[in-house]
Protein chains: 2
Amino acid sequence: MRLGEGVEWAVHCAVLLAALPDDVCLPASRLAQFHGVPGPYLAKSLQALTGAGLLESRGGRKGGYRLSRAADQITLLDVVLAVEGDETFFRCTEIRRRGPSAVAPRAYSPVCGVAGAMWRAERAWRDVLSGVTIAELAGIALRDAPAAAQTKAVAWFGEVLSARG
Amino acid sequence: MRLGEGVEWAVHCAVLLAALPDDVCLPASRLAQFHGVPGPYLAKSLQALTGAGLLESRGGRKGGYRLSRAADQITLLDVVLAVEGDETFFRCTEIRRRGPSAVAPRAYSPVCGVAGAMWRAERAWRDVLSGVTIAELAGIALRDAPAAAQTKAVAWFGEVLSARG
DNA sequence: GTCCCTATACTCGGATAGCAAGTGTCCGAGTATAGGCGG
DNA sequence: CCGCCTATACTCGGACACTTGCTATCCGAGTATAGGGAC
């Protein structure tokens, strides 16, 4: 089992947008360039974030994406579910009710014990992710990033923003 | 993101084997029949469990599968990892080190903040699964199963075991 | 009666097709801007 | 000089191929059993 690559890209894009001034829009092509990932496919993930209400998109000359609400109001879980979908890892097909020992469906307990344990584990996973905000990740990124990298990033953004008028 | 169907089958098979006497071997075909799942494909999951050392397989006339150790020494996590592989959900491609702000790799912190949070969540998921044993699941299944279903199951097993000599 | 041998039927194990989902890409619809024109 | 209009260039959004991994299946190698025969 593995998460799609788009999840990593989407999270880093959200963190980057959180580090920028609130009124700045950044197009998908620039986000892709900054992260060194294929642009057209990154757009797919960004569209998912927009559809989930996490990002706002603006068209036209100075358009692009920006966070739709404060970075401390967006959790890591929000981003992951927006890209991957909100399906559970484990899908119970109720095989306990099949085969030669099957009886009337109403006789069974509402939740299979196996499914209950699997879902409890997934709940723990979600709880951790929902306890981390994009703002916190942005803070960590700023704290851990090498000074030279931050300098280069600031220079790159200055160039991009000036080119956009 | 979703777990393969084989996980559910493998867990239920392990629970079933845990409920049987220790010296009984049950072939894949019977396990599939009891659970109402495609036999040849279930064998694939059982082979994975055997490869991971959770099950022992015996060939020949009275062959089949049985648990390789006590059911309270096998956790739900063991079974899930055996079938799905022990890869992490999230794979960090270190995109923070790419693009126009990249600097020397040694300058970066050892673990990306995003990856750290994702892996902490996965750790929570694994902790829950590793805290549940197959023996516990078997106990829950016996407690929750309808009495009529247990009666039919016992009858079916009696028939199967007598046919095997 | 006991032991051994052979034939048998059953088991696992790995190698082989089909299909769905993830991955990667493209082009068309829509919009804010910039410049030119008229008042 | 100011306001309006048009052309432009850029953006997002959804529709279109391709590859990987999951789903499902099959047949061959190996083994313990059961029966028969020899001693």
Side-chain angles (χ1 to χ4, degrees), chain A residues 1-10 13 17 23-33 35-52 54-66 68 80 83-85 87 89-91 93 95 160-165, chain B residues 1-10 13 17 23-33 35-52 54-66 68 80 83-85 87 89-91 93 160-161 163-165:
Chain A
M1 184 178 62
R2 58 198 187 89
L3 277 71
E5 241 177 334
V7 171
E8 183 182 12
W9 304 346
C13 285
L17 290 174
D23 56 349
V24 172
C25 282
L26 216 55
S29 60
R30 293 300 174 189
L31 286 168
Q33 183 181 1
H35 291 110
V37 299
Y41 183 45
L42 175 63
K44 203 178 184 61
S45 299
L46 294 175
Q47 285 173 26
L49 294 182
T50 305
L54 303 178
L55 297 185
E56 282 181 4
S57 65
R58 292 178 56 86
R61 187 85 170 72
K62 296 179 71 172
Y65 292 95
R66 70 182 184 85
S68 69
V80 173
V83 177
E84 285 286 317
E87 297 174 356
F89 300 165
F90 182 81
R91 287 162 300 126
T93 61
I95 68 176
V160 167
L161 294 180
S162 65
R164 289 169 60 88
Chain B
M1 186 178 61
R2 60 198 185 89
L3 278 72
E5 240 176 333
V7 171
E8 183 182 12
W9 304 345
C13 286
L17 291 174
D23 56 349
V24 172
C25 282
L26 215 54
S29 60
R30 294 298 174 190
L31 286 168
Q33 182 182 1
H35 291 110
V37 301
Y41 183 45
L42 175 63
K44 202 177 183 64
S45 300
L46 294 175
Q47 286 174 25
L49 294 182
T50 305
L54 303 179
L55 297 186
E56 282 180 5
S57 65
R58 292 178 58 85
R61 185 85 170 75
K62 297 179 72 172
Y65 293 96
R66 68 182 185 86
S68 68
V80 173
V83 177
E84 284 286 317
E87 298 176 356
F89 299 165
F90 182 81
R91 287 162 301 127
T93 61
V160 168
L161 294 181
R164 290 169 62 85

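Atom set for the values below is all heavy atoms of this structure, side chains included, hydrogens, waters and symmetry mates excluded. The shown structure was predicted, so the numbers you read here are calculated from the model rather than taken from an experiment. In what follows, every chain begins at residue 1, and chains take the letters A, B, ... in the order their sequences are listed.
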Minimum heavy-atom distance between [X] and [Y], given as atom pair plus value:
X     : Y     : answer
B:L31 : B:H35 : O-ND1, 2.9 Å
B:A32 : B:G39 : CB-CA, 3.4 Å
A:R66 : A:V24 : CB-O, 3.6 Å
B:T50 : B:S57 : CG2-OG, 4.0 Å

If I take atom [atom1] in residue [X] and atom [atom2] in nucleotide [N], what distance separates them, rounded to the nearest angstrom?
X     : N      : atom1 : atom2 : result
A:R91 : D:dC22 : CZ    : P     : 13 Å
B:E84 : D:dC22 : CD    : P     : 7 Å
B:R2  : C:dC19 : CZ    : C1'   : 11 Å
B:E56 : C:dT11 : CD    : P     : 18 Å
A:R66 : D:dT11 : CZ    : P     : 17 Å
A:K62 : C:dG30 : NZ    : C1'   : 19 Å
B:R61 : D:dA34 : CZ    : C1'   : 8 Å
A:E5  : D:dG21 : CD    : P     : 12 Å

Q) So which one's nearest nucleotide on DNA chain C is more toward 5', A:G60 or A:P38? A)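 Between the two, 5'-proximity favours A:P38.
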
Q. Which part of the nucleic acid, if any, lies within reach of B:G64 when heavy atoms closer than 4.0 Å are counted: base, sugar-phosphate only, or nothing?
A.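 Since only primed, P, OP1 and OP2 atoms lie under 4.0 Å of B:G64, the category is sugar-phosphate.
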
Q: For A:G6, answer base if it contacts any base atom (sugar-phosphate contacts may also be present), sugar-phosphate if it contacts only those atoms, and nothing otherwise; contact means non-hydrogen atoms under 4.0 Å.
A: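 Here A:G6 touches no strand at all.
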
Q. Quick one: on DNA chain D, does A:M1 or A:G63 contact a more 5' nucleotide (nearest heavy atom)?
A.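 Result: A:G63.
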
(Q) Checking B:E5 against A:T93 for the side-chain hydrogen bond (donor to acceptor under 3.5 Å, both in side chains) test, could you report, in this order, the C-alpha distance in whole Å, the side-chain angles of both residues, the deciding distance, and whether it holds? (A) CA-CA 9 Å; B:E5 240 176 333; A:T93 61; 4.9 Å; no

(Q) Among D:dA24, D:dC12, D:dA32, which nucleotide has an atom closest to any side-chain atom of B:R58? (A)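 Minimum distance to the B:R58 side chain belongs to D:dA32.
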
Q) Is A:E8 reaching over with its side chain to a backbone N or O of B:F90, donor-acceptor style, under 3.5 angstrom? A)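 Not at all, since once roles are kept as given, no pair shorter than 3.5 Å links the two residues.
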
Q. Does C:dT25 have OP1 or OP2 sitting under 4.0 Å from an N or O in the side chain of A:Y41?
A.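 No, outside the criterion.
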
Between the protein and nucleotides 13-16 of chain C, list the N/O to N/O atom pairs that are separated by less than 3.5 angstrom.
{"residue": "C:dG13", "atom": "OP1", "partner": "B:S57", "partner atom": "OG", "Å": "2.8"}
{"residue": "C:dG13", "atom": "OP2", "partner": "B:Y65", "partner atom": "OH", "Å": "3.0"}
{"residue": "C:dG13", "atom": "N7", "partner": "B:Q47", "partner atom": "NE2", "Å": "3.1"}
{"residue": "C:dG14", "atom": "N7", "partner": "B:Q47", "partner atom": "OE1", "Å": "3.4"}

Q | Gap between atom CZ of B:F89 and atom CG of B:L3 - 0.5 Å precision | A |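 One finds 6.5 Å between CG of B:L3 and CZ of B:F89.
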
